[in-house]
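One structure below.
Chain A is the first sequence line, chain B the second, and so forth, proteins listed ahead of strands; every chain is numbered from 1.
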Amino acid sequence: MKNEDVAQLLFEIADLLEMQDVEYKPRAYRQAARNVQSLSADIEAIHERGELDDIDGVGESIASKIAEYLETGELDYLQQLRGDLDLDIEALTAVRGVGPKTARTLYREAGITDLEDLEQAAREGRIGEIEGFGAQTEANILDHIERAKRGQERTLIGRAFSRAEELHDRLDDAEAFDRVQIVGSFRRRRPTVGDIDILATASDAEAAMETFCGFEDVAEVRSRGETKSSITVPPDDLQVDLRVVEDRSWGAALVYFTGSKDHNITLRDRALDRDWKLNEYGLFDVSDVKDEGGKRAGEVLASETEEAVYDALGLAWIPPELREDTGEVAAAAEGRLPALVETDELRGDLQVHTDYSDGSHTVREMAQAADDRGLEYVVITDHGPETVAGGVDGDALADQQADIAAVNDDDAIDVTVLHGVEANVTADGLDIDDDWLERLDLVVAGVHTPPDDPTDRLVEAVESAPIDVLAHPTNRLLMERGGIDYDLDRVVDAAAANDVALEINAQPERLDLDWRAVKRHRDAVDFVVSTDAHATEELDYLHLGVAQARRGWCEASDVLNTEPLDTLPIDG
DNA sequence: GCCGTTTTCGGCCCGACTGTTTTCAGTCG
């Protein structure tokens with residue numbers, strides 16, 4: 001997939017054009033870049049079908065540039081724009097507070113071309129001397145470079161979860177606040193979040209800001225205004241933004257601050273078509289307003305609830321996980337939004353580890369924990385011998401089978417424990433004897449160390465071995481490494497043809513398969529959501545995996561472990 | 001550069017905050 005590469009090229013063109021004060025084109029290139037980024041299909045396949053200009057925001061000109069890049073690997077127009085200036089615009093604008101215009105000034109006035117130059121100039125006090133810049137700007141730039149270096153511009157949602165909820169509860173309990181809700185990418189359940197956005201109502205906004213910025217564990221108050229403030233909290237300086245609105249604007253503000261940006265733009269376009277205006281204060285009819293400078297100009301059509309705002313726009317309420325501008329607005333208009341799978345519809349967990357391999361708890365402890373969480377069944381799937389030291393082989397599997405039988409015989413534990421394995425896909429097949437593969441209730445298989453030809457190995461494994469579930473299909477680790485570079489479409493085809501389900505792994509650093517791929521292949525293949533728990537408390541990750549299934553437009557019928565045990569389509 | 005059941009030309013989402021200057025450009029979401 002070259003989608004991300006193409007998007008980055010278009011973003012760079014937009015930045016370079018903006019540096020030259022070109023009007024409107026940057027917006028067009030960014031829009032095209034974002035739309036390419038959120039495509040669910042492979043852009044090379046789209047190009048082969050000659051349908052590049054069917055992509056929203058891509059017209060004749062941008063289509064020909066994408067085609068040139070895909071065919072030659074280069075783009076003449078971009079080379080021209082770069083010209084002689086050897087500028088790492090992507091790195092520079094990645095520093096918060098530095099945009100294209102600032103990058104231009106830094107280049108012209110101080111010869112800064114990359115992050116290293118920028119840091120050195122800031123340390124030497126040369127930035128503050130540039131006209132229009134000051135000591136504060138210089139300090140901010142240094143601070144944000146540090147941040148970028150520490151790689152903490154984003155946080156795994158699973159890691160931010162408990163802190164976000166704790167902050168929510170603290171504000172909710174505070175006297176100054178009335179309604180409090182977490183919004184932004186957290187509410188949309190993106191795999192990683194840049195900050196925590198909180199929306200609130202308060203009769204006295206000033207007092208609310210005082211409370212928020214005055215929490216004793218605030219590391220830094222980054223900005224503080226009458227309706228909007230921003231702080232960072234330890235241990236890793238997670239940024240938390242608070243926006244206070246009036247009660248009557250609650251619904252419109254929820255829509256606005258939950259986003260995504262592209263979803264909001266599509267909603268606003270829809271409002272504009274009707275001669276209305278949509279902002280965080282409400283949906284307004286501005287057809288009779290000549291000068292619509294005011295924030296609340298015109299007659300308010302809806303604002304108090306999200307449902308009312310969507311309804312006034314002729315749309316069904318759209319679940320936050322879908323608000324990524326990937327077709328959800330059209331679906332809401334036509335009444336064909338999916339009935340998304342819910343966490344409490346999940347009846348079992350199909351990948352759980354114990355101390356037989358690298359888990360922390362015993363079979364009985366994991367079973368008890370699954371029972372405590374109301375699950376009907378849980379499958380113990382320890383690693384085979386090739387993945388981790390002490391992985392299960394034949395003898396260990398026999399012992400484990402006896403353990404499982406004992407737990408199942410125990411009336412104090414209601415959950416049904418099944419016996420499976422997480423086998424490693426290697427160049428020589430799976431690392432578990434064929435005999436055991438046949439006897440186990442469930443075979444989960446996954447790549448842990450990518451072989452030379454991962455596509456062939458995976459297709460071969462899926463076609464020839466009795467695999468039920470392909471675990472963490474791309475083996476990505478969020479913010480650490482991308483997935484294996486292989487042809488997912490071929491593997492999906494093979495999986496679909498052989499009744500192998502794809503896993504949506506709920507571990508915070510995995511959330512693999514990615515939601516975009518889930519959406520793309522939802523009609524072709526079945527999914528399971530598994531926690532891959534290595535300790536009892538990790539069984540609580542299930543909702544994170546379900547959230548990614550929801551982002552991939554999955555209904556309960558798309559997720560096998562919503563089935564009760566007796567109809568679960570696994571070959572025992 | 002893109003887009004169009006009011007347009008093939010003339011528009012292009014919108015508001016808060018910062019830093020620096022003194023009325024606003026730039027950035028962000």
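- Spacing of P atoms, B:dT22 relative to B:dC17, comes out at 23 Å, to the nearest Å.
- In this structure, A:Ile62 and A:Ala32 approach most closely via the heavy-atom pair CD1-CB, 3.8 Å.
- The aromatic ring centroids of A:Phe161 and A:Phe186 lie less than 6.0 Å from each other.
- Annotation: B:dC13 and B:dC3 have their P atoms spaced 13 Å apart (nearest Å).
- Across the protein-nucleic acid pair, A:Ile231 atom CD1 and B:dC17 atom C1' stand 17 Å apart, rounded to whole Å.
- The one candidate from A:Leu10, A:Asn35, A:Asp15 that meets the side chain to side chain contact (heavy atoms under 4.5 Å, CB included) condition with A:Arg30 is A:Asp15.
- Residue-level contact check: A:Gln31 touches neither bases nor backbone, having no heavy atom under 4.0 Å from any strand.
- Comparing B:dC2, B:dC13, B:dT18 by their closest approach to the side chain of A:Ser61 singles out B:dC2.
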Using the 3.5 Å cut-off, write out each protein N or O paired with an N or O of nucleotides 24-29 of chain B and the distance between them.
unit_1	atom_1	unit_2	atom_2	d
B:dG26	O3'	A:Thr102	OG1	3.2
B:dT27	OP1	A:Gly99	N	2.6
B:dT27	OP1	A:Gly99	O	3.0
B:dT27	OP1	A:Thr102	N	2.9
B:dT27	OP1	A:Thr102	OG1	2.6
B:dC28	OP1	A:Gly97	N	2.7
B:dG29	OP1	A:Arg96	NH1	3.1
B:dG29	N2	A:Tyr256	OH	2.8

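- When the C1' atom is used for both B:dG19 and B:dC9, the distance is 39 Å, rounded to whole Å.
- Side-chain contact between A:Asn505 and A:Pro473 is absent, with no heavy-atom pair separated by less than 4.5 Å.
- Here the closest heavy-atom approach between residue A:Ala202 and residue A:Ala176 is recorded as CB-O, 3.2 Å.
- Between A:Lys519 and A:Arg516 there is no side-chain heavy-atom pair separated by less than 4.5 Å.
- A salt bridge is absent between A:Glu480 and A:Arg510; no separation between the charged side-chain nitrogens and carboxylate oxygens falls under 4.0 Å.
- Relative to the six-membered ring of A:Phe215, A:Arg170 meets both conditions, a distance below 6.0 Å and an angle of at most 45° to the axis.
- Between the CD1 atom of A:Ile198 and the P atom of B:dA16 there is a distance of 20 Å, rounded to whole Å.
- Residue A:Phe212 comes nearest to A:Ser230 through the heavy atom pair CE2-N, 4.5 Å, listed as atom of the first residue, atom of the second, then distance.
- A:Thr227 comes within 4.0 angstrom of the backbone, heavy atoms only, and of no base.
- Each of A:Glu146, A:Glu116, A:Glu138 was scored for a salt bridge (Lys or Arg N to Asp or Glu O under 4.0 Å) with A:Arg123, with one residue passing: A:Glu146.
- The distance between the ring centers of A:His263 and A:Tyr256 does not fall below 6.0 angstrom.
- Only the P atoms considered, B:dG15 is 26 Å distant from B:dG10, to the nearest whole Å.
- Atoms CH2 (A:Trp276) and P (B:dC14) sit 16 Å apart, rounded to a whole Å.
- Rounded to whole angstrom, the span from the CZ atom of A:Arg224 across to the C1' atom of B:dA16 amounts to 16 Å.
- Here the closest non-hydrogen pair linking A:Pro508 and A:Gly158 is CB-CA, 3.9 Å.
- Salt-bridge check for A:Glu555 with A:Arg522: failed, with every basic side-chain N at 4.0 Å or more from each acidic carboxylate O.
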Could I get a table of every N or O pair under 3.5 Å where one atom is in the protein and the other is in nucleotides 19-22 of chain B?
unit_1	atom_1	unit_2	atom_2	d
B:dG19	OP1	A:Asn140	ND2	3.0
B:dG19	O3'	A:Thr137	OG1	2.9
B:dT20	OP1	A:Gly134	N	2.2
B:dT20	OP1	A:Gly134	O	3.2
B:dT20	OP1	A:Thr137	OG1	3.0

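- One atom, CG of A:Asn35, and another, P of B:dG1, lie 17 Å apart when rounded to the nearest Å.
- For the pair A:Asp54 CG and B:dC3 P, the interatomic distance rounds to 10 Å; values are reported in whole Å.
- Between the CZ atom of A:Arg34 and the C1' atom of B:dC13 there is a distance of 11 Å, given to the nearest Å.
- The phosphate of B:dC14 (OP1 or OP2) has no side-chain N or O of A:Asn279 nearer than 4.0 angstrom.
- At a threshold of 4.0 angstrom between heavy atoms, the contacts of A:Glu23 with the nucleic acid are absent.
- Positionally, the nearest nucleotide of DNA chain B for A:Gly59 lies more toward the 5' end than for the other of A:Gly59 and A:Ile265.
- B:dT6 and B:dG1 have their P atoms separated by 28 Å, given to the nearest Å.
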Which atom pairs link the protein and nucleotides 6-12 of chain B when you take only N or O atoms and keep those under 3.5 Å?
none

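- Judged by Watson-Crick or G-U wobble contacts below 3.5 Å, the nucleotide B:dT8 has no partner.
- Rounded to an integer number of Å, the gap from A:Leu78 CG to B:dG1 P is 14 Å.
- To the nearest whole angstrom, the two P atoms, one in B:dT21 and one in B:dG26, are 14 Å apart.
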